[in-house]
Amino acid sequence: MHKIKALVFDVFGTVVDWRSSIIAELEIIGEKHGIAAGTVDWTKFAQDWRSGYMENTRRIAAGASGSLNVDVMHREILEEMLRSSEWSHIGPKWDEETRKHLNLAWHRLKGWPDTVDGLYALKKQVILATLSNGNIRLLVDMAKHSDLPWDMVFSTELFNTFKPSPKAYLETMRHLSLEPENCAMVAAHIFDLRAAGSLGMTTVYVRRPNEDGDAMEHNVNVKSKKDGGEVDYVVDSFAELAEVIERARAENGQSIE
């Protein structure tokens, strides 16, 4: 870890708690439009919306056609959901302005409890950059809303692809003028880290509750390589990651250049 000069972060689920943020917005909008609390499973609605995003980004990353702007994608998925038999009773209650406002809820996601203090601690040690499938405006708005102190915002929108396409990681490192050994990918999703690790990046897995669908689906207990796993580090918070880096730098007498 002492060679790392930049941390590259996944955002949705790793840095911000999309689930509770979206559910909270759905509850507010629901009550505002006459949908009584407890009559709709907003947790499932949020998960279905997120699942649509995951399915579409992976499909496009593999070469299929589709929107490369996540704001557009989120709106398309929302409209499709509101036409479905499961959610069609909600559609008539939400006009165009309501739908636009709800779609932008993804710009207003809040960080996990450790996020802001942890990022500021890490910023003293290394370069902080995003590498998110979220579009640029979404990431900038989110940073302002939740006080995320990025040095650089990279979106796969800039590279005309989505993670886990290798192009996303390679282009990020190219723009940072760093070799893979000097970059670490930080994510709460094993698929993201597998892609980054295959290109030589250091991999840091952050445990977030109910976030890693792939690991849960396949009953994978993500562990560090020293514990017989496949990632370089496993941490429970950004504060813990800051301690790992600080300790490694102190042991090697190094600081950021």
Side-chain angles (χ1 to χ4, degrees), residues 8-26 29 42 44-84 87 94 96-112 115 128-146 148 150 152-172 175 185-189 191-193 195-196 208 211-214:
V8 179
F9 288 80
D10 170 68
V11 178
F12 295 121
T14 301
V15 176
V16 292
D17 178 5
W18 64 266
R19 183 178 282 102
S20 67
S21 299
I22 294 296
I23 291 170
E25 297 243 10
L26 286 166
I29 289 175
W42 293 126
K44 187 175 188 304
F45 190 100
Q47 184 60 61
D48 286 356
W49 202 359
R50 169 71 171 176
S51 295
Y53 154 87
M54 293 296 292
E55 292 166 7
N56 276 278
T57 53
R58 293 196 189 190
R59 180 178 56 81
I60 295 169
S65 61
S67 175
L68 291 167
N69 180 290
V70 165
D71 278 342
V72 174
M73 181 185 293
H74 276 149
R75 182 62 189 268
E76 290 173 347
I77 297 166
L78 177 63
E79 294 298 330
E80 183 178 350
M81 287 175 61
L82 293 176
R83 289 192 298 268
S84 71
W87 306 111
W94 290 349
E96 175 64 15
E97 287 306 308
T98 299
R99 295 179 188 206
K100 282 183 179 179
H101 177 76
L102 177 58
N103 200 56
L104 292 176
W106 296 94
H107 293 226
R108 302 186 292 270
L109 304 182
K110 297 179 180 179
W112 294 100
T115 290
L128 302 186
T130 69
L131 177 55
S132 173
N133 285 338
N135 49 291
I136 288 289
R137 181 57 190 270
L138 181 154
L139 295 170
V140 170
D141 286 349
M142 189 193 301
K144 286 186 170 294
H145 179 76
S146 294
L148 308 177
W150 306 122
M152 180 62 193
V153 172
F154 288 112
S155 162
T156 54
E157 182 184 33
L158 297 170
F159 311 134
N160 296 314
T161 188
F162 287 117
K163 294 184 297 179
S165 168
K167 183 180 180 181
Y169 309 91
L170 293 170
E171 285 294 286
T172 296
H175 284 290
M185 186 73 208
V186 183
H189 313 105
F191 84 89
D192 205 350
L193 297 179
R208 298 299 192 193
E211 180 54 33
D212 194 347
D214 289 320

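Position 1 is the first residue of the sequence, and the numbers go up from there.
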A.B. asks: State which residues pass side chain to side chain donor-acceptor pair (under 3.5 Å) with S67; sequence neighbours excluded, sorted by chain then number.
C.D. replies: none
A.B. asks: Find the distance between CZ (R50) and NE2 (H74) and round it off to the nearest 0.5 Å.
C.D. replies: 7.5 Å
A.B. asks: Might you point out which heavy atoms bring R208 and G13 nearest each other, and give the distance in Å?
C.D. replies: CG-O, 3.2 Å
A.B. asks: Using 0.5 Å steps for rounding, measure from the CG atom of L68 to the CD1 atom of I60.
C.D. replies: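 That separation rounds to 6.0 Å.
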A.B. asks: Residues two or more places apart in sequence or in another chain: which of them pass salt bridge (Lys or Arg N to Asp or Glu O under 4.0 Å) with E76?
C.D. replies: none
A.B. asks: Might you point out which heavy atoms bring S21 and D17 nearest each other, and give the distance in Å?
C.D. replies: OG-O, 2.9 Å
A.B. asks: Are side-chain heavy atoms of W87 and L78 found at a separation under 4.5 Å?
C.D. replies: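 The answer is no, as the side chains (C-beta and beyond) never meet within the 4.5 Å cut-off.
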A.B. asks: Please list, chain by chain and in numerical order, all residues satisfying side-chain contact (heavy atoms from CB on, under 4.5 Å) with T57, sequence neighbours excluded.
C.D. replies: Y53, M73, N133, F162
A.B. asks: Give me the atom names and distance for the closest heavy-atom approach of D10 to A187.
C.D. replies: CB-CB, 3.8 Å
A.B. asks: Do you know which two heavy atoms are closest between F154 and A129, and how far apart they sit?
C.D. replies: CD1-CB, 4.0 Å
A.B. asks: Just to verify, what does T161 make a side-chain contact (heavy atoms from CB on, under 4.5 Å) with, not counting sequence neighbours?
C.D. replies: F159, S165, K167, A168
A.B. asks: Excluding sequence neighbours, so at least two apart, what forms salt bridge (Lys or Arg N to Asp or Glu O under 4.0 Å) with K44?
C.D. replies: D48, E86
A.B. asks: For H189 and F191, take the angle between the two ring planes, folded into 0 to 90°, and tell me which bin it lands in: parallel under 30, tilted 30 to 60, perpendicular over 60.
C.D. replies: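 Tilted.
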A.B. asks: Restricting to side-chain contact (heavy atoms from CB on, under 4.5 Å), what partner residues turn up for A46, sequence neighbours left out?
C.D. replies: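 Expected list: W18, I22, I23, L26.
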A.B. asks: Listed by chain and number, what are the side-chain contact (heavy atoms from CB on, under 4.5 Å) partners of L104, not counting sequence neighbours?
C.D. replies: H107, R108
A.B. asks: Please check if the distance between the ring centroids of W49 and W106 is under 6.0 Å.
C.D. replies: yes
A.B. asks: For T172, which of L131, T156, T130 qualifies under side-chain contact (heavy atoms from CB on, under 4.5 Å)?
C.D. replies: L131
A.B. asks: To the nearest 0.5 Å, what is the distance between CG (L158) and CG (N135)?
C.D. replies: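 Here the rounded value is 10.0 Å.
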A.B. asks: Suppose we screen for salt bridge (Lys or Arg N to Asp or Glu O under 4.0 Å). Which residues come up paired with R75, at least two apart in sequence or across chains?
C.D. replies: E79, E96
A.B. asks: Kindly indicate whether the side chain of F9, heavy atoms from C-beta on, has any atom under 4.5 Å from the side chain of L148.
C.D. replies: no
A.B. asks: Return the set of residues passing ring pair (Phe, Tyr, Trp, His ring centres under 6.0 Å) with Y169 (not counting sequence neighbours), or none when no residue passes.
C.D. replies: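 Listed in chain order: nothing, the list is empty.
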A.B. asks: Any ion pair linking E157 and R137 (charged N to carboxylate O, less than 4.0 Å)?
C.D. replies: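 A salt bridge is absent here (no side-chain N lies under 4.0 Å from a carboxylate O).
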A.B. asks: Does anything in residues 56-73 form a salt bridge (charged side-chain N to carboxylate O under 4.0 Å, His left out)? List the pairs, not counting sequence neighbours.
C.D. replies: R58-D214
A.B. asks: Can you sort out the partners of W112 under ring pair (Phe, Tyr, Trp, His ring centres under 6.0 Å), two or more places apart, ordered by chain and number?
C.D. replies: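 Applying ring pair (Phe, Tyr, Trp, His ring centres under 6.0 Å) to W112 gives none.
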A.B. asks: Do L102 and W94 have side chains that approach each other closer than 4.5 Å (heavy atoms only, starting at C-beta)?
C.D. replies: yes
A.B. asks: Go through L138 and F12 one step at a time and tell me if the side chain to side chain contact (heavy atoms under 4.5 Å, CB included) criterion holds.
C.D. replies: CA-CA 11 Å; L138 181 154; F12 295 121; 3.7 Å; yes
A.B. asks: Can V16 and V11 be said to form a side chain to side chain contact (heavy atoms under 4.5 Å, CB included), step by step?
C.D. replies: CA-CA 6 Å; V16 292; V11 178; 4.1 Å; yes
A.B. asks: Checking D192 now: which residues fulfil salt bridge (Lys or Arg N to Asp or Glu O under 4.0 Å) with it, not counting sequence neighbours?
C.D. replies: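 D192 satisfies salt bridge (Lys or Arg N to Asp or Glu O under 4.0 Å) with K163 only.
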A.B. asks: Search all heavy atoms of S155 against all heavy atoms of G134 and return the closest pair with its distance.
C.D. replies: OG-O, 2.6 Å
